[in-house]
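A short worksheet on the structure shown next.
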Amino acid sequence: MEVLMSNWSDVQSMPESYVFPPDKRPGKHIFPDCKDIPTIDLDKAEGLNRAEIIQQIIKASQEFGFFQVINHGVSENLMEDTISVFQEFFGMPAEYKASFYSNDINQSCRIYSSTLNYHKEDFHYWRDNFTHRCHPLEDHIQSWPEKPPRYREVIGIYCVEVRKFLLRILDLIREGLGLESGYFEDELSKIQLLSVNHHIPCPDPSLTLGMPEHCDPNLISMLHQCAVPGLQVLKDGQWLGVEPQPDAFIVIPGLQLKVISNDLFTSPKHRVITHTKEARTTIGTFLIPSSDVSIEPARALFDTGNPPVYRAFTYKEFFSTFTSKGCDAANALGCFKKKLE
Ligand SMILES: O=C(O)CCC(=O)C(=O)O
Ligand SMILES: [Fe+2]
């Protein structure tokens, strides 16, 4: 069977290798939508309401661990063009996509299916993923696809724009936490990774997932969803659907922000369910610390009454622990917790 599901045509029944064991299936129940997902109007952050917007972001990062942002500065045209470029990319002939196929995490531009462990895993997730680095543009653009013909132009502009957006959000978070100017710039947000999920229509969404439940190991993530729903976030023990809003970005603080905030922030579990009728394409952008930068709770966020929860570590150290713990966030974070004295 073709590994990349974007090369399959007309799937009528579930291939056996995608059917999860019963205890891991999402099941048939209808998941409620998250009705009160905090929405931040970024336009207001530049005016008299700045302090209020900062408080909204901090509160959402504490209570929900995610929020959506409107008036984020990226034009609707660019958002639509970006989604359609990726839809075209996943629709390219199998031979073309094969030139990017790799399960090697060190390959800077790669397409793969399910997880990087495809050939060893017991069952597969219902997705293809295309990933590449983006910053600085001139270091990476040469490794990006040349087809569809507008790929490099559109995605190049998109990557620069969403970086500006995420750095604005980080700066508001910095101000809200009372950290010094520039705290998240340079090494803590050095690497920018684009990660696009593509799920073809699935004959039975109750039996499989488009992405496992997970927390994002990076500093901060943003998701740009197409119109087809699928993202779910775990809130108070319940899976809630995050209905796509065409003009909004979803922001999720990653595990490094949880550590830096000394556990003030939540980095929530999320996963992706599949859809019977329509293909779904979602663009993730992650800002990731450089390998050797030291990460620890910010000095301003602890004192004798509220001691630091974590010891200092490098991102390299964290990421290797995270993967060795099967990407289980609680287990990985546990390895860096300070012993109570
Ligand atoms: O596709 C989505 O909606 C979620 C993607 C995601 O959580 C991730 O790539 O880490
Ligand atoms: Fe994620």
Side-chain angles (χ1 to χ4, degrees), residues 5-6 26 31 33-34 37 61 64-69 79 82-83 86-87 89-90 105 109-117 124-134 158-159 162 166 191-202 205 208-235 239-246 248-258 265-275 278-289 318-319 322-323 326-330 332-333:
M5 58 170 41
S6 50
F31 297 97
D33 277 337
C34 184
I37 165 165
S61 303
F64 278 78
F66 71 102
F67 50 89
Q68 64 184 356
V69 182
M79 290 177 76
T82 301
I83 293 274
F86 284 115
Q87 287 167 339
F89 175 78
F90 282 103
I105 199 166
C109 183
R110 60 180 188 271
I111 192 168
Y112 64 97
S113 202
S114 183
T115 72
L116 293 175
N117 208 21
H124 303 311
Y125 291 89
W126 195 267
R127 72 151 176 176
D128 286 348
N129 179 276
F130 183 58
T131 292
H132 61 62
R133 289 201 179 192
C134 318
Y158 180 83
C159 289
V162 296
L166 280 171
I191 295 166
Q192 181 178 345
L193 199 67
L194 185 98
S195 166
V196 186
N197 279 336
H198 182 77
H199 321 267
I200 64 169
C202 173
T208 191
L209 285 173
M211 223 187 149
E213 67 173 65
H214 68 283
C215 298
D216 291 350
N218 44 51
L219 181 71
I220 194 164
S221 309
M222 63 162 267
L223 298 172
H224 169 182
Q225 304 194 77
C226 76
V228 182
L231 176 67
Q232 294 186 329
V233 178
L234 192 64
K235 168 105 172 73
W239 286 108
L240 299 175
V242 182
E243 192 66 30
Q245 195 176 307
F249 291 143
I250 305 285
V251 176
I252 305 180
L255 293 172
Q256 307 314 308
L257 262 182
K258 178 175 163 66
F265 283 7
T266 310
S267 180
K269 276 192 179 156
H270 50 287
R271 67 179 189 181
V272 176
I273 56 166
T274 60
H275 198 277
E278 289 176 87
R280 172 178 185 269
T281 306
T282 290
I283 305 160
T285 298
F286 311 136
L287 295 189
I288 304 171
F318 180 85
F319 196 74
F322 184 69
T323 47
C327 300
D328 183 299
L333 287 172

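Basis for what follows: all heavy atoms, side chains included, without hydrogens, waters or symmetry-related copies. Each residue takes its place number in the sequence, starting with 1. Atoms within each ligand, like the ligands themselves, are counted from 1 in listed order.
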Mark yes or no: R271 above the aromatic ring of F31, with NZ or CZ under 6.0 Å from the six-membered ring centre and no more than 45 degrees from the axis. yes

Only heavy atoms of [X], strictly under 4.0 Å: list the atoms of ligand 1 that pass.
X: T282; result: 1 (O), 2 (C), 3 (O)
X: V272; result: 1 (O), 2 (C), 3 (O), 4 (C)
X: D216; result: 10 (O)

Side chain or backbone of I252 under 4.0 Å from ligand 1, or both, or neither, by non-hydrogen atoms? neither

Residue portion contacting ligand 1 (non-hydrogen atoms closer than 4.0 Å) for E213: neither

For P246, is there any backbone N or O sitting under 3.5 Å from a side-chain donor or acceptor partner on Q225? no

Can [X] and [Y] be counted as having a side-chain donor-acceptor contact under 3.5 angstrom?
X: T131; Y: N129; result: yes
X: D128; Y: S113; result: yes
X: R280; Y: H275; result: no

OG1 on T115 to NE2 on H214, rounded to 0.5 Å: 12.5 Å

Nearest 0.5 Å please: distance from the CG atom of L194 over to the OG1 atom of T285. 5.0 Å

Would you indicate whether the side-chain heavy atoms of F89 and H198 approach each other to under 4.5 Å? no

Residue pair F286 / Q192, side-chain heavy-atom distance below 4.5 Å: no

Can you check whether F66 and H270 have ring centres sitting under 6.0 Å from each other? no

Protein heavy-atom partner closest to [atom] - residue, atom, separation in Å:
atom: atom 1 (O) of ligand 1; result: N197 ND2, 3.0 Å
atom: atom 9 (O) of ligand 1; result: F286 CZ, 3.4 Å
atom: atom 8 (C) of ligand 1; result: M211 CE, 3.5 Å

Is the shortest distance from a heavy atom of [X] to ligand 1 less than 4.0 Å?
X: R271; answer: no
X: Q225; answer: no
X: H214; answer: yes

Check step by step if side chain to side chain contact (heavy atoms under 4.5 Å, CB included) holds for L255 and L333. CA-CA 8 Å; L255 293 172; L333 287 172; 4.0 Å; yes

Candidate pair V242 and I250, rule side chain to side chain contact (heavy atoms under 4.5 Å, CB included), full reasoning: CA-CA 9 Å; V242 182; I250 305 285; 3.5 Å; yes

Just to be careful: counting only protein atoms that are N, O or S, how many fall under 2.8 Å of the Fe ion (ligand 2)? 3

Less than 3.5 Å between some nitrogen or oxygen of R280 and one of ligand 1, yes or no? yes

